[in-house]
Amino acid sequence: AGIPELDGRVVGHARVSEPHDEAAVRLWNKKSDQPVYVLARLFVAPAARGRRLGGKLTEAAMKWARERGHRLVLDVMEKDQAAIRLYEDLGWSYLGCIQHKVGDRRIPARAYAAP
């Protein structure tokens, strides 16, 4: 997919990491023994949104994982509805609801697996 640029400036990135003890990994492991990587970060600068860069970055990460015999999993905060729509539009399957602990608060999130 290349590096997303706008006017010669990098405007997005995706990071895939090895699984550790993420809730999305635990949910996936209850369903399948296929190895996974975690789509740990996806970012598109506000000025560059609306150009499908998030989708292109996600598709590139999915392809990279597939070429290595892995599937991607991730979690996304419930408040991030645009990201949830992106993953669902790309065919990601919902694994379940999880909670992130931030200080004394618990923040709801959704876990997904790539198609």
Q: Identify whether V44 and M62 are in the same connected component of the hydrophobic contact network (ILVMFWY, side-chain heavy atoms under 4.5 Å).
A: yes
Q: Taking side-chain hydrogen bond (donor to acceptor under 3.5 Å, both in side chains) as the cut-off, I'd like each qualifying pair that reaches into residues 65-78, sequence neighbours left out, listed once.
A: Q34-R71, K63-E67, D75-H100
Q: List the atom of G69, the atom of P35, and the distance in Å for their closest heavy-atom pair.
A: O-CG, 3.6 Å
Q: Counting N and O atoms only, with roles assigned by atom type, does the side chain of R26 sit under 3.5 Å from a partner on the main chain of D21, one being a donor and the other an acceptor?
A: yes
Q: CD1/I84 to CH2/W92 distance, rounded to the nearest 0.5 angstrom?
A: 13.0 Å
Q: Of all residues at least two apart in sequence or in a different chain, which pass the side chain to side chain donor-acceptor pair (under 3.5 Å) check with Y87?
A: none
Q: Taking C-beta and beyond as the side chain, do I107 and Q99 meet within less than 4.5 Å on heavy atoms?
A: no
Q: Nearest 0.5 Å please: distance from the CG atom of L39 over to the CZ atom of R15.
A: 9.5 Å
Q: Which residues pass the side chain to side chain donor-acceptor pair (under 3.5 Å) test with R106, sequence neighbours left out?
A: none
Q: Taking atom OG1 of T58 and atom CG of L42, what is their separation to the nearest 0.5 Å?
A: 4.0 Å
Q: Measuring from atom CG of L53 to atom CZ of F43, what distance do you get when rounded to the nearest 0.5 angstrom?
A: 11.5 Å
Q: Could you give the distance from CG (L90) to CD (E59), rounded to the nearest 0.5 Å?
A: 5.0 Å
Q: Should H20 and V25 count as side-chain neighbours, where that means a heavy-atom distance under 4.5 Å?
A: no
Q: Pick from V73, V16, L74: which one makes a side chain to side chain contact (heavy atoms under 4.5 Å, CB included) with Y37?
A: V16
Q: Any link between V38 and L27 through a network of hydrophobic side chains (Ile, Leu, Val, Met, Phe, Trp, Tyr) touching at under 4.5 Å?
A: yes
Q: Enter the distance from L86:CG to Y112:OH here, rounded to the nearest 0.5 Å.
A: 10.5 Å
